[in-house]
Amino acid sequence: MEYKTNITFRKEVLTKLLNEVILNESEIIDALYFDFKKPAFEAVITETSYVISELKATIKNLKSWSKPKRVFPSLLNFPSTDYIYKEPYGKVLIISPWNYPFQLALCPLISAFAAGNQVVLKPSELTPKTSEVIAKIIAKVFHKTEVSVIEGGVEVSQKLLSERWDYIFFTGSVAVGKIVAKAAAINLTPTTLELGGKSPCIIDETANLKLAAKRIVWGKFINAGQTCIAPDYILIQKNMKSHFVDYLKEEITKAYGENPADSPDFARIVNSKNCERLISLIDPKKVIFGGQTDLENCYIAPTLIEETSLETELMKDEIFGPILPVLTYEKETDIEAVISRYEKPLAFYIFTENKVFSKNMIQKYSFGGGCVNDTIIHILNNRLPFGGVGHSGIGAYHGILSFDTFSHKKSIVKKSNLLDLPIRYAPYKNKLATIKKLLNWL
Ligand code: NAD
């Protein structure tokens, strides 16, 4: 199969895909609006332009990424030249979620194909219009033996998982991640699991509160809070809370107006089932801002909750919606008590001017990735690996790491025949002292 070995061919097909995405950009934006009223601005910055820049970077770097990489040889093998060859795994299954349905389906697909694999993509059934556009674009660009899209829901996904694959790349919830891992284990199939978690946002007394509020409101309410790396909850120094909540209210109103339901810049919840789940998490007695809901139209206003307990449903699992609990701490041990209650999160945000504080937080807690004094933006640098740890995921991707994710690294030592030191060969008599000295020296 040509795509397996021919880099020029892969680049040509990816260029065709790039042109097709550009050509169909408005259809993609419309589909995203149809599926959950994603604002066009957000559709461009988080979906289409994201995929376009991923495609451009892949096309530009494909040749160098795929070249065998020469590494420094071991003196034990002297004389030799040593290489890492990257080879495609073979048949790759990609299962993607609905919250960034275009980007999270296309980005792994681009890298898997770029690395020479045969790809089957199962996009989310919860954003059917976007999945339909994806299927149409892919069918136009690729031969179905190279890349194909299989639309459908849980049963289709389960059927695909029951087959044998050489690599599975899954993005979605922790619960389904475990199902994928189980299915993969049967054939010892390697996996990347891009999952979620309860990502904290910690604010100390030195933080620039106004700017923090602005950046948190942006990162939390973009995509109506349905972002895997959205701040899940705020943990703020007790004395700063009331001041900070005022800033949060101000920034929400600035961004979405007095009635966010009328704002063209605020998305809807993906379906009524998820909307119902989110509504049930709101305790009206604890609402300090927002709280308006409209199940029929899958609307939940940006909502702030004053939270004092970790026992509530709201503080049990990842919220994944426009509800932001605000909790407080007094001492660093209070922070530890909260963070340690949860599995390792996908993201972690620290707002502070105190370098020692941020350094301590980064070193003390384990999490996928994060920011100091901002939210979400670590995803934008494709030189930074993106992925979770523990229950928030296995593996990471973006940039060259995506290409590497879908490539098996084959180690090759090319040994010279010019010299053949006899010391390693039996009989070993009288050789032990010399080899020990040599190993010590090396
Ligand atoms: P989901 O796990 O419900 O679904 C993801 C995919 O799995 C879909 O294609 C779906 O059809 C399939 N699926 C669902 N149930 C299945 C089952 N029982 N067996 C086999 N396949 C099944 O996730 P979602 O609701 O689409 O997305 C939300 C979750 O994804 C959140 O937890 C979020 O944090 C996470 N997420 C993570 C990232 C990341 O990059 N780490 C990105 C986006 C979303």
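Atoms considered below: every heavy atom in the structure, side chains included; atoms not considered: hydrogens, waters and symmetry mates. Start at 1 and go down the list; that is how both ligands and their atoms are numbered.
- Here's the thing with S392: none of its N/O atoms is less than 3.5 angstrom from an N/O atom of ligand 1.
- A distance-only check finds no donor-acceptor pair linking the side chain of R268 to the backbone of K37 [under 3.5 Å].
- Distance check on atom 4 (O) of ligand 1: every protein heavy atom falls at or beyond the 4.0 Å cut-off.
- If you check the side chains of E258 and T253, you find no donor sitting under 3.5 Å from an acceptor.
- Using cut-offs of 30° and 60° for the angle between ring planes, the Y329 and F357 rings count as parallel.
- Each of P101, S96, P97, P128 was scored for a side chain to side chain contact (heavy atoms under 4.5 Å, CB included) with P123, with one residue passing: S96.
- Per-residue contacts place S96 under 4.0 angstrom from the following atoms of ligand 1 (heavy atoms of the residue considered): 6 (C), 8 (C), 9 (O).
- For atom 13 (N) of ligand 1, the closest non-hydrogen atom on the protein side is V176 CG1, 3.8 Å.
- Taking the six-membered ring for Trp and thresholds of 30 and 60 degrees, F348 and Y365 have nearly parallel ring planes, at less than 30 degrees apart.
- Distance from atom 20 (C) of ligand 1 to its nearest protein heavy atom, with residue and atom name: S157 OG, 3.3 Å.
- Look at K409 and E87 and you find no salt bridge, because none of the NZ, NE, NH1 or NH2 atoms lies under 4.0 Å from a carboxylate O.
- With no hydrogens or angles considered, a side-chain donor-acceptor pair links D204 and T352 at under 3.5 Å.
- Contacts between L346 and ligand 1 below 4.0 angstrom, taking non-hydrogen atoms only, involve the side chain exclusively.
- The proximity of T227 to ligand 1, defined as any non-hydrogen pair under 4.0 Å, does not occur for either the backbone or the side chain.
- Distances between N or O atoms of S124 and those of ligand 1 include no value under 3.5 Å.
- Among protein heavy atoms, the minimum distance from atom 24 (P) of ligand 1 is reached at W98 NE1, 3.4 Å.
- Considering backbone and side-chain N/O of G172, one or more are found under 3.5 Å from N/O of ligand 1.
- Nearest protein heavy-atom neighbour of atom 34 (O) of ligand 1: E318 OE2, 2.6 Å.
- Neither the backbone nor the side chain of I229 comes within contact range of ligand 1; no heavy atom lies under 4.0 Å.
- Applying the 4.0 Å criterion to heavy atoms of N99 picks out, from ligand 1, the atoms 43 (C), 44 (C).
- In summary, E47 and K38 engage in a salt bridge, as defined by a charged side-chain N under 4.0 Å from a carboxylate O.
- Taking the six-membered ring for Trp and the full ring otherwise, the centers of F403 and Y397 sit at least 6.0 Å from each other.
- In this structure, the protein non-hydrogen atom closest to atom 37 (C) of ligand 1 is L195 O, 3.1 Å.
- Inclusion of Y397 in the set of residues having an N or O under 3.5 Å from an N or O of ligand 1 is not warranted.
- Between S173, A183, S162, it is S173 that holds the heavy atom closest to atom 1 (P) of ligand 1.
- Between L195 and C228, the shortest heavy-atom distance links the atoms O-CB, 4.3 Å.
- Residue T171 has no N or O atom closer than 3.5 Å to an N or O atom of ligand 1.
- Protein heavy atom at the shortest distance from atom 33 (C) of ligand 1 is F320 CE1, 3.4 Å.
- Nearest non-hydrogen protein atom to atom 36 (N) of ligand 1 is C228 CB, 3.5 Å.
- For atom 17 (C) of ligand 1, the closest non-hydrogen atom on the protein side is V154 CG1, 3.5 Å.
- Where the criterion is an N or O separation shorter than 3.5 Å, residue side chain and backbone included, F386 fails it with respect to ligand 1.
- Here is the list of ligand 1 atoms found below 4.0 Å of a heavy atom in L104: 42 (C), 43 (C).
- For E20, the side-chain hydrogen bond (donor to acceptor under 3.5 Å, both in side chains) partners at least two apart in sequence or on another chain are N24, K140.
- Around NZ of K11, the count of heavy atoms belonging to other residues, nucleotides or ligands within 6.0 Å exceeds 12.
- A donor-acceptor pair under 3.5 Å is formed between the side chain of N117 and the backbone N or O of F406.
- Ligand-side atoms of ligand 1 in range of E194: 37 (C), 38 (C), 39 (C), 40 (O), 41 (N), range being under 4.0 angstrom from any heavy atom.
- Under the 4.0 angstrom criterion for non-hydrogen atoms, F170 is in contact with ligand 1.
- Listed by number with element, the atoms of ligand 1 under 4.0 angstrom from any heavy atom of K122 are 8 (C), 9 (O), 10 (C), 11 (O).
- Judged by the 6.0 Å distance and 45° axis criteria, K210 is not positioned over the aromatic ring of Y247.
- Not a single heavy atom of G388 lies less than 4.0 angstrom from ligand 1.
- Legend: residues meeting salt bridge (charged side-chain N to carboxylate O under 4.0 Å, His left out) with K182, ordered by chain and number and at least two apart, are absent.
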